[in-house]
Amino acid sequence: MATHPHAPVSPPRDQILPRIAELLEADPAVTVETISDTLGITKFPTAQSGLATLRGRRIADLVEQQPGLDLKDAALQLGYPAITHRAAVAFAERELHARGAQPYLQHNADVLAAAGIAQQAQVEMRHLGGGAVAAAVLLDTDQPAAAAVWDSRYGWRTSTSRRHPIGKDTDTAPEGEGIRYLGSGLRPEPEELLAGLRDGRKGTKRPKAGTDELNGSED
């Protein structure tokens, strides 16, 4: 199939968000259609998802700068059209949840690294379905488990995969060979996590914590 001589060349995957960010910076009300036509990417889901992600991050930034500011009011301050608020605010909520959990997870990762069982690294948050978030800490290759994974719904568990430690997101807690749920709750102290990783007899096959802290429910 022949390519239109004036059709834009789609940017590399890792450049799509930065390019969308440039267009959003120039025009807060930029549309999915404009993004698609300018960058040569699909409207749905690529352009739509990218716009919602970036708007959500900027809403989260503004709310952090102005504590108490309503998310929708933040969207209005930033000049985002009302039709875009639902998706952007939903992402902003997830982003703020992830940012809230990140310091705890980074502290645990630092403790595991200092103990000599994990690689020193910056923890990266992953958004899951239903507003949940997760993160993985890769363990050293001489450890029985490949990684320690934290999920806001289930707490800490071991993983057997180094390439995809968090695994596919489903509505049920992962179970199987090599998976142990560690700690007495969703946010155990690093020392408790460390003890569980060092002692293969500790932990359970299923999570004790069945509550998503990010959805505000309590045991």
Original post:
Is it true that Arg153 and Asp169 have a side-chain N and a carboxylate O under 4.0 angstrom from each other?
Top reply: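 Looking at Asp169 together with Arg153, the answer is yes, because their closest N to O distance falls below 4.0 Å.
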Original post:
Between Arg206 and Glu175, is there a side-chain N and carboxylate O pair less than 4.0 Å apart?
Top reply: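 Glu175 and Arg206: salt-bridged.
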Subject >> Partners passing side chain to side chain donor-acceptor pair (under 3.5 Å) against Thr42 (at least two apart in sequence or in another chain) >> reply: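 Thr42: side chain to side chain donor-acceptor pair (under 3.5 Å) contacts with Thr46.
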Just how far is it from atom [atom1] of [X] to atom [atom2] of [Y], taken to the nearest 0.5 Å?
X: Arg94; Y: Ser152; atom1: CZ; atom2: OG; value: 12.0 Å
X: Leu76; Y: Leu71; atom1: CG; atom2: CG; value: 11.5 Å
X: Thr53; Y: Arg58; atom1: OG1; atom2: CZ; value: 12.0 Å
X: Thr204; Y: Leu182; atom1: OG1; atom2: CG; value: 8.0 Å
X: Ser36; Y: Gln48; atom1: OG; atom2: CD; value: 11.5 Å
X: Leu197; Y: Glu192; atom1: CG; atom2: CD; value: 11.0 Å

[X] side chain to [Y] main-chain N or O, any donor-acceptor pair under 3.5 Å?
X: Arg19; Y: Ser10; value: no
X: Asp70; Y: Lys72; value: yes
X: Thr158; Y: Arg180; value: yes
X: Arg162; Y: Leu138; value: no

Original post:
Of Leu24, Thr38, Thr84, Ile20, which meets side-chain contact (heavy atoms from CB on, under 4.5 Å) against Val30?
Top reply: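 Output: one option passes, namely Leu24.
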**OP:** Please lay out, stage by stage, how Gln66 and Asp73 fare under the test side chain to side chain contact (heavy atoms under 4.5 Å, CB included).
**Re:** CA-CA 11 Å; Gln66 301 179 30; Asp73 288 339; over 6 Å; no
Shortest non-hydrogen contact from [X] toward [Y]:
X: Pro81; Y: His85; answer: O-CD2, 3.0 Å
X: Ala134; Y: Leu128; answer: CB-CD1, 3.6 Å
X: Ala88; Y: Arg55; answer: CB-CB, 3.7 Å
X: Ala74; Y: Leu62; answer: O-CD2, 3.8 Å
X: Leu186; Y: Gly155; answer: CD2-N, 3.4 Å

Taking C-beta and beyond as the side chain, do [X] and [Y] meet within less than 4.5 Å on heavy atoms?
X: Val133; Y: Arg126; answer: no
X: Leu139; Y: Pro144; answer: no
X: Leu193; Y: Val111; answer: no
X: Pro165; Y: Val149; answer: yes
X: Pro174; Y: Arg157; answer: yes
X: Ile35; Y: Leu51; answer: yes

Show the atom names and distances, to 0.1 Å, of all donor-acceptor pairs under 3.5 Å that link a side chain in residues 98-107 to residues at least two apart or in another chain.
unit_1, atom_1, unit_2, atom_2, d
Arg99, NE, Glu95, OE2, 3.0
Arg99, NH1, Asp61, OD1, 2.8
Arg99, NH1, Glu64, OE1, 3.0
Arg99, NH2, Asp61, OD1, 2.9
Arg99, NH2, Glu95, OE2, 3.3
Gln102, NE2, Gln106, OE1, 3.4
Gln102, NE2, Val123, O, 3.4
Tyr104, OH, Trp156, NE1, 3.0
Tyr104, OH, Pro188, O, 2.6
Gln106, OE1, Val123, N, 2.8
Gln106, NE2, Asp110, OD1, 3.0
Gln106, NE2, Ala121, O, 3.1

Subject >> Under the ring pair (Phe, Tyr, Trp, His ring centres under 6.0 Å) test, residues paired with Tyr181 that sit two or more places apart >> reply: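 For Tyr181 there are no ring pair (Phe, Tyr, Trp, His ring centres under 6.0 Å) partners, ignoring immediate neighbours.
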Check the surroundings of atom [atom1] in [X]: do more than 12 heavy atoms from other residues, nucleotides or ligands lie under 6.0 Å from it?
X: Glu124; atom1: CD; value: no
X: Glu189; atom1: CD; value: no
X: Asp142; atom1: CG; value: yes

If hydrophobic clusters are built from ILVMFWY residues whose side chains come within less than 4.5 Å, do [X] and [Y] share one?
X: Phe91; Y: Val32; result: no
X: Ile117; Y: Val137; result: yes
X: Leu17; Y: Ile59; result: yes

**OP:** Go through the steps to decide whether Trp150 and Asn108 satisfy the test side chain to side chain contact (heavy atoms under 4.5 Å, CB included), and finish with yes or no.
**Re:** CA-CA 10 Å; Trp150 184 82; Asn108 276 264; over 6 Å; no
**OP:** Could you walk me through whether Leu23 and Thr34 pass the side chain to side chain contact (heavy atoms under 4.5 Å, CB included) test, one step at a time?
**Re:** CA-CA 9 Å; Leu23 296 172; Thr34 297; 5.6 Å; no
